[in-house]
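Letters go in sequence order (proteins before strands), and every chain restarts at 1. Hydrogens, waters and symmetry mates are skipped; everything else that's a heavy atom, side chains included, is used. Nothing here was measured: the structure is a model prediction, and the numbers come from that model.
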Amino acid sequence: MELMNRQNQLIEFARACNIVASVLLGDSTQVVTIADSPELSGKSATDLDALLYEIFSLNVFPYANLYLSTELIAGGPTGLELAERYRDWHFRPTESNLTADHFGMQFSALEHQLLTAVEHWRHGNTAAYNTAQQSIAEFCQVFLTPALIPFAAALVLRTDALAKNLGTILLNLNSELSQITPPQENTARPAEQVKQPTVDDSLTELVQFLLTPIASGCWISKRDIRDIASILELPCGFSTREDMLTNLFHAAGSYEQTIKLILAIQEIFRTHQNLYEDWRPACGNTIMDRILIRVKTSQSLLLALEQKARSGDTAK
Amino acid sequence: MSENKIFQKFMNRIRTTLVAPDSGILKSRATPETEGFKMPEFSEGDNANVKMLTVKHPDGRLSQYPPSNRWSNWTEWDSKAWPRKKARTYDLVPTVCFNCESACGLLAYVDKQTYDIRKFEGNPVHPGSRGRNCAKGPATLNQTYDPERILYPLKRAGKRGEGKWQRISWDQALAEIAEKMRASRQKRLDGIMYHVGRPGEDHYTNRCIKAWGVDGHNSHTNICSASARLGYMLWSGFDRPSPDYASARVILLISSHLETGHYFNPHAQRIIEGKMKGAKLITIDPRLSNTASKSDVWLPSWPGSESTILLAIAAHLIRTKTYNAKFMKKWVNWQDFLKYLVVNGSTLKSDAAWLSFCKTLTGETALNSFENFQQALALLYDEYTFERAALESQVPIERIIETAEYIAACDGKLSAHVWRAASIGNLGGWQVARCMFFLNVLTGSVGTKGGTSGNEWNKFVPKPFDNPPDFNAWNELQLPNEWPLAHYEMSFLLPHFLEEKRGNIDVYFTRVYNPMWINPDGFMWLKSLRDESRIGCHVALTPTWNESAWWADYVLPMGHAGERHDLMSQETHSSQWVAFRQPVRRVAMERAGKTVKYTWEANPGEVWEEAEFWVELSGQMDPDYSLGIRQHFESPQRPGELISQDEYWGWIFDNSIPGLPEKAAAEQLTPLAYMKKYGVFEILKDNYLPFEKPAANGVQIEGETLAGFHTPSGLLEFFSPTMHDWGWKDIEHVIPWQIKSHVHPDHINREKGEMILLPNFRLPTLVHTRSANCKWLYEISHKNPVWMHPEDARRIDVRSGDLIKVETEIGYFVDKVWVTEGIKPGVIAMSHHLGRWRLTGQGGVNGFAASNVDLSEELNLHRLTITSQVEPYKTPDPDTSRIFWKDVGVHQNLTHAVHPDPISGGHCWLQKAMNVSKATPTEKHGDVFVDTEKSMAVYRQWLAMTRPADKFSPDGNRRPLWLKRPLKPVAAAYRLKPGS
């Protein structure tokens with residue numbers, strides 16, 4: 001009976017992965033499943049579709065921005081390793097135009113592997129079943145969790161209910177999947193060992209660092225950047241996050257608002273730090289410590305930038 | 001709801017059947033409350049979205065437009081609600097852009113319930129703009145919903161310029177102004193003056209002025225196109241070119257027409273079309289404009305050397321015999337030139353070959369020999385070598401040779417255009433146009449497919465129901481004795497004439513015109529505008545505040561593109577069309593069955609339109625018919641009553657536009673209904689070589705009577721008898737030749753730090769002073785730093801962003817510098833459009849476009865100082881609180897001395913910068929200083945170069961009868977007064 005329940009649970013998780021993957025890939029027909037909250041009651045399909053578009057296409061892209069080389073360039077060794085993992089699972093993505101680090105892709109892969117585990121169980125292949133379960137937990141701990149937590153934080157910190165709901169669901173689902181087998185020790189990836197930034201780096205390097213969650217510990221969205229721009233009454237344009245933040249730094253320099261801009265970014269990191277502390281019980285100390293180390297590295301960098309700006313040296 | 005509960009609910013739903021999503025229709029949201037100015041509101045439609053029409057453009061590009069059969073009930077998703085699908089239903093009303101003179105078509109999306117305008121897009125059936133617009137067209141929406149616009153008639157309450165205004169009714173404004181006009185008209189025929197910026201229409205107001213019987217039309221032409229016009233006029237009798245870019249083999253531009261110049265959008269799209277078909281684009285411009293950057297050849301010439309480059313190319317065509325001799329023999333007045341040489345030939349050049357040739361010019365046979373003319377050309381122009389052109393222009397010789405070779409191979413398809421730029425920049429700039437058109441004549445590219453036509457061939461101005469008689473008056477303040485060939489009124493010298501007490505004005509209308517800001521020597525204007533003995537009453541007809549209007553007595557709000565009636569036609573390509581500008585809210589209301597008597601009832605606030613205003617004003621000016629005015633404004637259908645707009649335009653569409661009644665009838669519409677529906681009608685296509693067509697009153701050529709040209713000879717006048725007869729007999733005046741510019745290198749001592757200030761280049765997104773209420777346009781471009789070459793920057797030790805002081809003949813200004821290789825060494829450049837201001841603590845020009853300034857004046861010394869830059873502010877439009885820019889430029893024109901060309905009368909914009917230096921710590925951005933005593937001194941220097949009519953007129957007239965004037969008086973008015 002217990003094993004039967006276990007099988008059903010895996011099927012439910014697979015279905016959950018299927019739904020969040022669909023939503024992350026922009027399929028609005030599934031969005032109603034995650035929209036069950038008072039704030040979203042009465043929203044039509046068009047409204048939910050629009051909200052989904054605003055979240056993923058305009059503000060918080062469902063890419064991990066994680067699997068990068070040490071120079072923070074896409075297509076690094078971890079990304080290739082992830083693609084290799086998909087092949088090992090015999091998972092063939094239907095969305096061939098997406099890169100491996102798209103969260104929708106990762107949850108699709110998880111769905112595939114969960115159903116594989118169930119198949120092994122049905123066929124009485126216990127060893128394969130255990131291996132499949134173990135690979136799911138490992139996948140979550142190694143690849144998904146370090147990136148998903150900042151991403152979920154970016155969603156939960158938004159004001160709209162749909163994003164909050166989705167962020168919460170992703171976080172909890174990931175936590176459940178990670179618990180399928182006991183946590184692995186020392187699962188840090190080589191790609192996390194990114195170059196430590198300094199105040200003497202170029203603006204391009206600094207922006208890239210701040211906007212890469214694996215490096216900075218924080219998923220800064222377009223909405224975050226626009227909100228800062230609006231508060232400081234500065235232009236940031238409407239482009240990539242990199243361009244927008246770069247524009248914002250330039251504009252802040254032109255209008256002597258660099259210090260205010262740095263303080264505003266510091267506030268984003270402070271908010272994330274508090275949220276991460278709240279999430280310790282659900283996510284576990286090991287992973288949260290690793291993420292908070294990144295946040296602290298970023299905060300040190302921002303503090304140094306602030307001091308530099310206060311000293312008047314903002315030539316960069 | 002706790003986080004865990006969200007997840008649990010999610011998982012529970014997974015365990016159960018999913019509920020179908022709600023697909024109900026969205027409820028409309030409440031419109032945010034606004035105070036004061038009404039922001040637009042839009043109703044929700046319940047129609048289905050309508051499919052767009054896919055149109056393939058001649059350049060191969062596809063665009064999509066609403067099909068015209070659905071314009072009266074067009075539903076589309078609300079773009080602002082995107083990605084939500086919210087249906088809005090509109091009445092699409094065509095109108096015509098008012099933000100430059102191109103007359104591009106617009107389609108206004110008028111909400112069918114609220115009558116608010118959602119947007120302006122291109123009118124796809126407009127043959128000139130073909131559905132496309134530049135940034136200025138859609139920005140009409142900003143102007144319509146500008147929370148700082150003038151909404152009601154205002155009357156000055158304090159002293160002039162004090163900024164105290166009283167709201168009055170239109171009735172009061174009409175009564176008071178009409179009374180002043182009546183009093184003036186009873187006294188004299190030159191006391192009322194209408195001073196127009198860009199007319200934006202083709203005949204309406206001129207008809208009104210004629211009806212008043214006064215010589216009262218004043219234009220801005222002499223700070224714009226006067227010199228180019230004269231150059232073209234002397235050649236051909238038409239005063240502006242109409243290049244056929246799309247079919248050209250070579251496109252030759254002086255300045256940057258493609259991206260900023262005349263007829264920006266209709267021309268730019270056809271230049272690109274021509275380029276895509278393989279045409280070579282050549283741009284002569286000291287500045288690396290966007291056009292130059294897109295050109296096959298960029299010739300960064302020293303200002304004033306353009307004629308030399310053009311003549312070196314002409315000399316190449318002559319030397320290599322690659323010119324179209326057959327065309328020239330038929331259409332050029334070469335025999336007149338040979339006759340001129342008989343008398344003057346030996347004085348033109350002293351070399352033996354030339355003198356020997358002149359001796360052969362005796363007898364009838366010699367004077368009728370085209371070969372002699374060809375020889376004369378070869379001998380005369382051989383001095384214009386490529387080496388000379390390269391030396392004078394400081395352009396690499398190989399680039400000039402390359403240009404010449406392209407033009408030699410153009411096969412009658414040279415599309416060439418100059419309008420402002422060098423022609424209005426230099427002393428003798430009219431010869432730039434003469435020299436340029438010389439290349440058209442030499443290559444036979446006149447009126448051909450791919451060549452250059454005359455504007456009159458590609459423009460159509462219909463006749464109205466009534467044509468008042470020509471007036472019998474001559475206003476010396478407009479066309480004074482000293483400039484008999486001016487093209488046209490000497491408008492920018494009006495304050496100098498008033499200073500000299502040549503006369504005064506009773507009622508002065510400025511219409512969408514800001515003379516103090518746009519003209520050179522603006523403080524001279526300020527002196528006149530505030531002096532009631534010079535200008536008795538100043539009525540500013542304007543859609544928005546401007547610097548000059550602040551010193552007016554009445555400020556009357558007139559409509560923008562979607563708020564007025566006008567009829568326009570422009571020479572955009574080889575075609576003739578007329579476009580109908582309409583008050584779009586009024587049209588939509590009338591379609592819905594609402595009665596609108598006056599357009600101001602449908603416009604925001606009480607914004608009116610000139611077309612109705614003039615009718616009412618003229619009627620009140622002459623209530624008893626005693627001045628012979630009122631009858632010209634009465635309805636032909638309703639005797640004794642003033643004409644309505646529908647009656648006026650309906651008559652024209654019924655009677656004056658060939659083909660329109662038939663076309664309308666085919667759609668079972670009246671011609672007026674057709675024009676209201678489509679906003680445009682094309683009369684003629686592919687109007688090539690019209691001068692070759694037989695015409696009863698034409699010119700005799702090779703045994704035929706052909707239409708010819710509107711010159712005295714009916715031919716293309718290579719030799720200008722007019723110039724010769726009016727006292728300009730030298731070679732540099734009678735044939736295409738170079739005139740030494742006032743900024744010729746000989747006049748600029750660069751070792752002393754002197755430079756040339758090129759102050760009149762345009763930005764593609766602004767339109768002089770008219771766009772200061774367009775937030776979108778100002779967001780794109782809002783400051784005008786001084787362009788400076790790195791060599792010059794090093795010399796005076798400045799970097800981009802540093803302040804520099806530019807000293808002119810009459811004062812100085814301080815602005816930031818932009819160091820760039822995009823400008824020639826020795827030349828600094830500054831955009832024409834920016835540097836708007838308003839007096840500190842007072843209103844005026846829009847807050848996002850104008851610096852607050854202090855104005856201090858002591859006798860002849862005038863200072864303008866910026867007290868605060870632009871910053872965000874609150875209005876009903878939330879965008880004004882999002883302004884991120886501060887610097888809105890420096891008003892350079894105040895420091896420009898007037899340079900009236902002694903012949904064309906055009907202001908020669910290029911300024912000699914006496915010194916350009918790094919600003920001292922006490923000199924601030926935007927500082928302007930002018931000594932108006934020096935202004936008058938420079939004015940007198942240029943005045944002394946003129947050849948007045950009373951001394952040089954060959955026939956006792958003030959001006960050649962054949963030369964154009966916007967409004968011509970009767971012939972008797974041309975006669976010089978005895979003893980003058």
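- Here A:Leu173 is the residue among A:Leu173, A:Ile34, A:Asn18, A:Leu170 with the most heavy-atom pairs under 4.5 Å with chain B.
- Looking at every heavy atom in both residues, B:Ser881 comes nearest to A:Glu233 through O-OE2, 3.7 Å.
- Of the listed residues (A:Glu12, A:Gln9, A:Arg15), just one forms a side-chain contact (heavy atoms from CB on, under 4.5 Å) with B:Met11, and that residue is A:Glu12.
- Within 6.0 Å of CD in B:Gln64 there are more than 12 heavy atoms belonging to other residues, nucleotides or ligands.
- Note: B:Lys9 NZ to A:Ile169 CD1 = 10.5 Å, rounded to the nearest 0.5 Å.
- Environment of CZ in A:Arg280: crowded, with over 12 heavy atoms of neighbouring residues, nucleotides or ligands closer than 6.0 Å.
- For the atom pair OG1 of A:Thr168 and NZ of B:Lys5, the computed distance is 13.5 Å after rounding to the nearest 0.5 Å.
- The stretch residues 107-119 of chain A participates, sequence neighbours left out, in these salt bridge (charged side-chain N to carboxylate O under 4.0 Å, His left out) pairs: A:Glu119-A:Arg122.
- When all heavy atoms of B:Trp885 and A:Tyr255 are compared, the closest pair comes out as CA-OH, 3.2 Å.
- With a 6.0 Å radius and a threshold of 12 heavy atoms from other residues, nucleotides or ligands, A:Lys260 has its NZ atom at or below the threshold.
- More than 12 non-hydrogen atoms from other residues, nucleotides or ligands lie less than 6.0 angstrom from NZ of B:Lys918.
- Within the 4.5 Å cutoff, the side chain of A:Val20 has heavy atoms near those of the B:Phe10 side chain.
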